2 protein chains.
Amino acid sequence: MHAAPALPPGSPRRAPLWRHLLGDRLRSARHRRGETLGEVAGRAGVSPQYLSEIERGLKDPSSEMVEAIAAALDLTLVDLIREISRLLLAPGPPRAGQATESVIAFALAA
Amino acid sequence: MHAAPALPPGSPRRAPLWRHLLGDRLRSARHRRGETLGEVAGRAGVSPQYLSEIERGLKDPSSEMVEAIAAALDLTLVDLIREISRLLLAPGPPRAGQATESVIAFALAA
DNA sequence: CCAACGCTCTGCCATCAGCAGAATCGAGCG
DNA sequence: CGCTCGATTCTGCTGATGGCAGAGCGTTGG
């Protein structure tokens with residue numbers, strides 16, 4: 001896997017990459033269940049170190065890996081994508097009720 | 001990138017993988033614009049052969065590649081994910097108005 | 001203090017992402 | 001019909017990275 005072509009100069013990267021969005025959701029789901037990297041990774045059949053890397057958006061996992069980890073969290077890929085999409089529907093400043101959950105999720109993920 | 005652990009026996013793979021969903025959407029978007037692999041690949045800075053592979057779900061592209069290809073289609077990753085999610089919201093049999101567009105999109109993709 | 005736990009860091013290598021050249025296919029034309 | 005051309009897919013290759021094992025770090029509780 002090779003690095004993508006560089007963006008034009010003066011075009012700082014603002015939008016998150018797929019691996020960032022994915023990783024955030026996976027970590028969020030894991031924390032929601034109150035489980036450790038070891039527990040989820042064990043069920044998914046991957047190493048805890050690797051799951052950590054994926055959650056932090058450091059690695060682009062294969063599609064099969066994504067499937068396996070989602071399953072270990074009792075999710076499907078469809079669930080994941082929908083959840084990412086739903087969060088993307090609220091790009092503006094946080095609002096009262098909706099933002100509370102997001103803020104907590106972020107605090108737990110940090 | 002290594003193969004994921006095998007699924008338990010007696011569990012045939014039914015759900016599409018991420019690379020399949022992604023590839024379908026990218027090809028659909030390209031056809032909607034009436035463009036060739038060469039044109040889009042050129043703007044994205046990748047080879048037409050590789051874009052073909054991605055569209056057919058043969059390769060798991062890096063997140064940066066996904067970004068570059070989406071941009072070449074005047075889309076963002078957010079657009080792509082939303083579109084995939086929207087399509088996933090209609091898993092049942094096609095209905096009159098909604099299905100027409102899907103059928104056309106599939107026919108163009110074939 | 002030390003052990004246990006959860007997570008991240010570091011270094012490694014087998015696999016595959018990404019590609020160049022070749023092959024195939026279908027449409028259009030003389 | 002044969003030929004040309006453009007679009008797409010096939011094939012083989014290699015450098016980069018996905019995925020991992022061992023080590024390191026911080027926190028907590030006895």
Side-chain angles (χ1 to χ4, degrees), chain A residues 1-7 17-73 105-110, chain B residues 1-7 17-73 77 106-110:
Chain A
M1 185 160 62
H2 304 276
L7 288 174
L17 296 172
W18 165 247
R19 63 175 179 267
H20 294 136
L21 295 175
L22 176 66
D24 285 343
R25 284 299 98 214
L26 289 175
R27 176 160 282 190
S28 185
R30 177 167 66 83
H31 284 160
R32 229 180 287 150
R33 297 166 64 96
E35 296 190 312
T36 64
L37 283 170
E39 287 166 327
V40 176
R43 290 200 302 276
V46 307
S47 73
Q49 302 93 302
Y50 187 50
L51 180 56
S52 174
E53 285 177 310
I54 291 169
E55 289 186 350
R56 287 174 286 140
L58 297 181
K59 299 287 173 86
D60 269 292
S62 68
S63 297
E64 285 88 355
M65 283 298 193
V66 176
E67 179 81 34
I69 295 163
L73 294 163
F106 264 89
L108 286 174
Chain B
M1 186 160 60
H2 304 278
L7 288 173
L17 296 173
W18 165 248
R19 62 176 180 264
H20 295 136
L21 296 176
L22 175 67
D24 284 343
R25 285 298 96 213
L26 290 174
R27 176 160 282 189
S28 185
R30 178 168 64 83
H31 284 160
R32 226 180 292 151
R33 298 167 62 96
E35 295 190 313
T36 65
L37 282 170
E39 286 166 328
V40 175
R43 289 200 302 276
V46 307
S47 72
Q49 302 91 305
Y50 186 52
L51 180 55
S52 173
E53 285 178 310
I54 291 170
E55 289 186 351
R56 287 174 287 140
L58 297 180
K59 299 287 171 85
D60 270 294
S62 68
S63 296
E64 284 87 354
M65 282 299 194
V66 176
E67 179 80 36
I69 295 162
L73 293 164
L77 176 63
F106 264 90
L108 286 174

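Throughout, a chain's letter reflects where its sequence line sits, starting with A, and its residues are numbered from 1. The shown structure was predicted, so the numbers you read here are calculated from the model rather than taken from an experiment.
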**Prompt:** Tell me: CD of A:Glu35 to C1' of C:dG6, nearest whole Å?
**Reply:** 14 Å

**N or O in side chain of A:Ser62 less than 4.0 angstrom from D:dG18 OP1/OP2** = no

**Message:** Looking at C:dC16, I'd like to know if its phosphate oxygens (OP1 or OP2) sit under 4.0 Å from a side-chain N or O belonging to B:Arg19.
**Reply:** no

**Item:** Contacts of A:Glu35 that satisfy side-chain contact (heavy atoms from CB on, under 4.5 Å) - sequence neighbours left out
**Value:** A:Arg30, A:Arg33, A:Glu39, A:Val40, A:Arg43

**Asked** Side chains of A:Ser62 and B:Asp60: do they bring a donor and an acceptor to under 3.5 Å?
**Response** no

Under 3.5 Å between N/O atoms: give me all the protein pairs with nucleotides 23-27 of chain C, atom names plus distance.
none

**Request:** Check side-chain contact (heavy atoms from CB on, under 4.5 Å) between B:Glu53 and all other residues, then give those that pass, not counting sequence neighbours.
**Result:** B:Tyr50, B:Arg56, B:Leu58, B:Lys59

**Request:** Find which nucleotide of DNA chain D each of A:Leu58 and B:Leu58 is nearest to by heavy atoms, and output the residue with the more 5' nucleotide.
**Result:** B:Leu58

**Prompt:** A:Leu51 has an atom CG; how far is it from atom C1' of C:dC9, in whole Å?
**Reply:** 16 Å

Return the polar atom pairs (N/O with N/O) between nucleotides 21-24 of chain D and the protein under 3.5 Å, or none.
from: D:dA21; atom 1: N7; to: A:Gln49; atom 2: NE2; distance (Å): 2.7
from: D:dG22; atom 1: O6; to: A:Gln49; atom 2: NE2; distance (Å): 3.1

**Asked** Does the side chain of B:Arg30 get closer than 4.0 angstrom to OP1 or OP2 of D:dT8 through an N or O atom?
**Response** yes

**Item:** Side chain of A:Arg27 - closest among D:dT8, C:dT8, D:dT9
**Value:** C:dT8

